[in-house]
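Below is one structure, written out as structure tokens; comments come after it.
Proteins get letters first, then strands, A, B, ... in listed order; numbering begins at 1 in each.
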Amino acid sequence: MKVFIEKDKKNISLNYSGSVAGLLEKLDINTETVIVVRENELLDEGDSVNDDDRLKLMSVISGG
Amino acid sequence: MKCRLCQNKSVYKEYCKVHYNNYFEKKARSTILRFGLLKKKDRVAVAVSGGKDSMSLLKFLHKYGYNVTAIAVDEGIFGYRDKTLVTMVNFCKSENIPYKIISFKKTFGKTLDEIMDKKKIRPCTVCGVFRRYILNVAAKEYDVIATGHNLDDEAQAVVMNLVKSNISLIGRLGPVSGSKASPLFPKRVKPFYLLPEKEVMIYSFLNGLNTEFNECPNVGLSFRLRVRDRLNEIESKQPGTKNKIVEWLLSNKNNFMREESAYGGSCKLCGEPATKEVCNACLYASRLQ
């Protein structure tokens, strides 16, 4: 799967199939700090994702 | 995953988009009622930065028929505020909401970038003081200022003030401030007071308000950022922590309040509310000369 981490403006590729919550744990990203979007659709933490997906991790935190 | 209330796909906490919006707006409306934040006839100045919190607040209050005007402060932070203000202006035009933009440059003679170039002043300190000053002055035409502060902001403020031993400042926190302390302080309210930052972000996303991630370049210098990250770590391991911090504040706030007379003065230079002879805004402004 391909994951774009918005805050870091970084693209990463990895093999993963499972829940959104599990993906965030694997990436060591706190669930409090991002929302996960697939094709402009918001995913719940219990939703399944797999290797074919292209995901965007949008930052919850903002500053200023 | 399915919505807990219908067969549509869930987006958060097992709510679909429609039921999530209902859940969020109901929580904000109950906060307004619980703390008596707004009346329908109030002229509401919404402090707007163009970020997700204030834009969501503007959208929410406008949707529920409040008489809102967006008030934005342009600190003059190149590459940051100029972008968020475009978002705000475009939204206000599309929704037919009146707006005003007031700049540091026009009010104090310098942008924040120019202040940072010349002076060794903590940006968040001077920025906070100047922003509050501008909003206080601008708000005189309105009954109340509404800000997009959320549960995370408040929990962070409690912890920051405890860590720094600014105990009296804890008494100034809360969902409503200003009007009881002094007639010079405009009433300030926080309708998203009990909504976590993540829930505001989701509301913003679902309603097409979110823009490209944009963080103030000065935030890295902020103590708040470190507190924010630690609180998020704790919250993920112990859900409900932020809420408990804020409920603790609500139960104990009165113990930390100063005598009201301490807030009753006005600045001898500008006439705005002050706890000393000269307000902090005039003090900082004089140092910029």
Side-chain angles (χ1 to χ4, degrees), chain A, chain B residues 1-3 9-17 20 49-54 75 77 80-81 84 112 123-124 127 131 148 150 152 196-202 204-206 208 210-222 224-225 228-229 231-237 239 241-242:
Chain A
M1 79 172 44
K2 300 214 179 303
V3 179
F4 176 63
I5 302 172
E6 184 193 40
K7 186 172 188 292
D8 303 330
K9 295 185 172 62
K10 187 168 78 174
N11 279 296
I12 58 172
S13 299
L14 75 159
N15 295 319
Y16 178 81
S17 291
S19 68
V20 167
L23 172 67
L24 295 177
E25 191 175 345
K26 185 179 171 82
L27 294 173
D28 198 23
I29 293 174
N30 190 321
T31 55
E32 288 291 303
T33 63
V34 293
I35 60 172
V36 181
V37 175
R38 178 175 57 196
E39 294 172 6
N40 212 31
E41 181 183 67
L42 184 61
L43 298 181
D44 209 336
E45 286 177 18
D47 281 328
S48 296
V49 292
N50 62 53
D51 277 342
D52 298 329
D53 286 328
R54 299 173 79 88
L55 306 177
K56 183 176 180 182
L57 271 51
M58 298 179 70
S59 182
V60 166
I61 55 175
S62 59
Chain B
M1 290 178 70
K2 298 283 185 200
C3 174
K9 186 197 163 307
S10 69
V11 291
Y12 188 63
K13 287 189 171 179
E14 296 177 31
Y15 286 119
C16 67
K17 176 179 175 178
Y20 179 82
S49 67
K52 68 177 191 311
D53 301 303
S54 58
E75 305 92 342
I77 306 171
Y80 172 62
R81 186 59 74 219
T84 65
L112 188 64
C124 298
C127 187
R131 285 176 59 83
N150 57 49
D152 292 46
E197 184 162 28
K198 181 162 182 171
E199 295 189 8
V200 181
M201 173 65 179
I202 291 169
S204 164
F205 179 83
L206 294 176
N210 62 296
T211 54
E212 182 186 340
F213 174 74
N214 199 357
E215 191 167 56
C216 176
N218 299 318
V219 77
L221 305 174
S222 149
R224 179 178 286 271
L225 181 140
R228 177 188 74 185
D229 292 346
L231 274 178
N232 278 336
E233 280 173 24
I234 297 167
E235 180 76 27
S236 64
K237 294 181 176 67
T241 297
K242 293 171 194 169

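- Applying the 6.0 Å contact sphere to CD of A:Glu25 captures no more than 12 heavy atoms from other residues, nucleotides or ligands.
- Note that SG of B:Cys16 is 11.5 Å distant from CG of A:Leu42, once rounded to the nearest 0.5 Å.
- To the nearest 0.5 Å, atom CG of residue A:Asp44 and atom CD1 of residue B:Ile202 are 8.0 Å apart.
- Side-chain atoms of B:Lys242 and A:Glu32, non-hydrogen and from C-beta on, do get closer than 4.5 Å to each other.
- Of the inter-residue distances, the one linking B:Ser236 atom OG with A:Leu24 atom CG reads 11.0 Å to the nearest 0.5 angstrom.
- Under the 3.5 Å distance criterion, the side-chain polar atoms of B:Lys198 are matched with a main-chain donor or acceptor of A:Thr31.
- No side-chain donor-acceptor contact under 3.5 Å links B:Asn232 and A:Thr33.
- When heavy atoms are compared at a cutoff of 4.5 Å, A:Val34 approaches chain B solely by way of its backbone atoms N, CA, C and O.
- Taking OG of A:Ser19 as the reference point, atom CE of B:Met1 lies at 10.0 Å (rounded to 0.5 Å).
- Contact of B:Lys9 with chain A is made through the side chain alone, with heavy-atom distances under 4.5 Å.
- Residue B:Lys2: no heavy atom, backbone or side chain, is found under 4.5 Å from chain A.
- Heavy atoms of B:Leu206 lying under 4.5 Å from chain A belong exclusively to its side chain.
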Worked check of side-chain contact (heavy atoms from CB on, under 4.5 Å) between B:Phe205 and A:Val37: CA-CA 10 Å; B:Phe205 179 83; A:Val37 175; 3.7 Å; yes
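- Contact of A:Asp47 with chain B is made through backbone and side chain together, with heavy-atom distances under 4.5 Å.
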